[in-house]
Amino acid sequence: MALRAAAKTAATAATAASPRGLSSLLFSTSTFPFNLPQSQTEKPPPAEPSTNLFVSGLSKRTTTEGLRTAFEKFGQVVDAKVVTDRASGFSKGFGFVRYASLEDAAAGIEGMDGKFLDGWVIFAEYARPRNTLPPPQNSFPRGVNNTRFQS
DNA sequence: CCTGAGCGA
């Protein structure tokens with residue numbers, strides 16, 4: 001029939017119509033429609049393994065003793081401290097826990113990260129290396145030589 | 001202070 005002939009003609013025309021342009025659109029490597037926006041997940045790994053842990057999400061009522069007690073269940077805690085504001089003395093909501101070994105630190109993260117402490121979900125991860133400069137507890141009022149060299 | 005992202009005196 002006329003319809004069938006027309007359909008066959010259209011199909012033939014479509015098959016012969018510029019196959020190179022179509023394939024270049026579908027298989028182009030530069031502009032693929034389903035590629036991620038240039039950055040994978042932009043999720044940088046927290047930090048390199050260390051015995052020092054950074055604990056965030058703490059309740060502001062959580063104290064250093066509570067932090068130590070909670071993390072001691074997973075390893076030998078050498079040092080633990082909740083960071084508090086110097087002026088008001090209130091907790092800043094995060095702290096640090098230092099384990100005796102890397103195994104204990106990993107166990108502490110696995111055991112406490114995402115868990116509850118004093119009603120808040122806390123996050124435990126490896127802490128970044130701190131600025132190697134002890135707090136200047138010695139102030140020289142004379143100001144003769146109070147210059148601090150950092151490296 | 002207790003409201004909530006973050007890295008310490």
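A note on names: the letters A, B, ... follow the listed sequences, proteins ahead of strands, and every chain is numbered from 1.
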#### Entry: Point-to-point distance, once rounded to the nearest 0.5 Å, from CZ of Arg128(A) to OG of Ser50(A)
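The OG atom of Ser50(A) is 13.0 Å from CZ of Arg128(A), to the nearest 0.5 Å.
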
#### Entry: From Glu65(A) atom CD to Lys81(A) atom NZ, the distance as rounded to the nearest 0.5 Å
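Glu65(A) atom CD to Lys81(A) atom NZ measures 13.0 Å (nearest 0.5 Å).
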
### Task
Strictly below 4.0 Å, heavy-atom distances to any atom of DNA chain B: list the hits from residues 99-117 of chain A, or just say none.
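Under 4.0 Å from DNA chain B: no residue of residues 99-117 of chain A.
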
### Query
Using a heavy-atom distance cut-off of less than 4.0 Å, which residues of residues 57-67 of chain A contact DNA chain B?
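Contacting residues: Gly57(A), Leu58(A), Ser59(A), Lys60(A).
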
Separation of [X] atom [atom1] from [N] atom [atom2], in whole Å?
X: Lys92(A); N: dG8(B); atom1: NZ; atom2: P; result: 7 Å
X: Phe96(A); N: dG8(B); atom1: CZ; atom2: P; result: 6 Å
X: Phe94(A); N: dG8(B); atom1: CZ; atom2: C1'; result: 6 Å

Using only atom types and a distance under 3.5 Å, with no angle test, would you say the side chain of [X] pairs donor to acceptor with the backbone of [Y]?
X: Tyr99(A); Y: Phe71(A); value: yes
X: Arg68(A); Y: Val77(A); value: yes
X: Ser91(A); Y: Thr84(A); value: no
X: Ser101(A); Y: Asp104(A); value: yes

### Message
Both Trp120(A) and Thr84(A) contact DNA chain B. Taking the nearest nucleotide for each, which residue is further toward the 5' end?
### Response
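It is Trp120(A) whose nearest nucleotide is closer to the 5' end.
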
### Query
Which comes earlier along DNA chain B counting from the 5' end, the contact point of Ser91(A) or that of Ala80(A), where each point is its nearest nucleotide?
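Its nearest nucleotide being more 5', the pick is Ser91(A).
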
#### Entry: Shortest non-hydrogen contact from Thr51(A) toward Leu102(A)
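Nearest heavy atoms, Thr51(A) then Leu102(A): N-CD2, 3.7 Å.
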
### Message
Students often get this wrong, so: under 4.0 angstrom with heavy atoms, is Asn52(A) touching a base, only sugar-phosphate, or nothing?
### Response
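Base: the residue Asn52(A), judged by heavy atoms under 4.0 Å, touches a nucleobase.
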
### Task
Name the nucleic acid region contacted by Arg128(A), choosing base, sugar-phosphate or nothing; use a 4.0 angstrom heavy-atom cut-off, strictly under.
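Base, at least one base heavy atom under 4.0 Å.
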
### Task
Report yes if a donor N or O on one partner sits less than 3.5 Å from an acceptor N or O on the other, where the partners are the side chain of Asp85(A) and the base of dG8(B); otherwise report no.
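There is none.
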
### Message
Apply ring pair (Phe, Tyr, Trp, His ring centres under 6.0 Å) to residues Phe96(A) and Phe54(A) and explain how you reach the verdict.
### Response
CA-CA 5 Å; Phe96(A) 295 89; Phe54(A) 171 67; 5.4 Å; yes

Distance-only criterion, 3.5 Å: show the donor-acceptor pairs between side-chain atoms of residues 108-123 of chain A and protein atoms not counting sequence neighbours.
residue	atom	partner	partner atom	Å
Asp113(A)	OD1	Ala124(A)	N	2.8
Asp118(A)	OD2	Thr62(A)	OG1	2.6

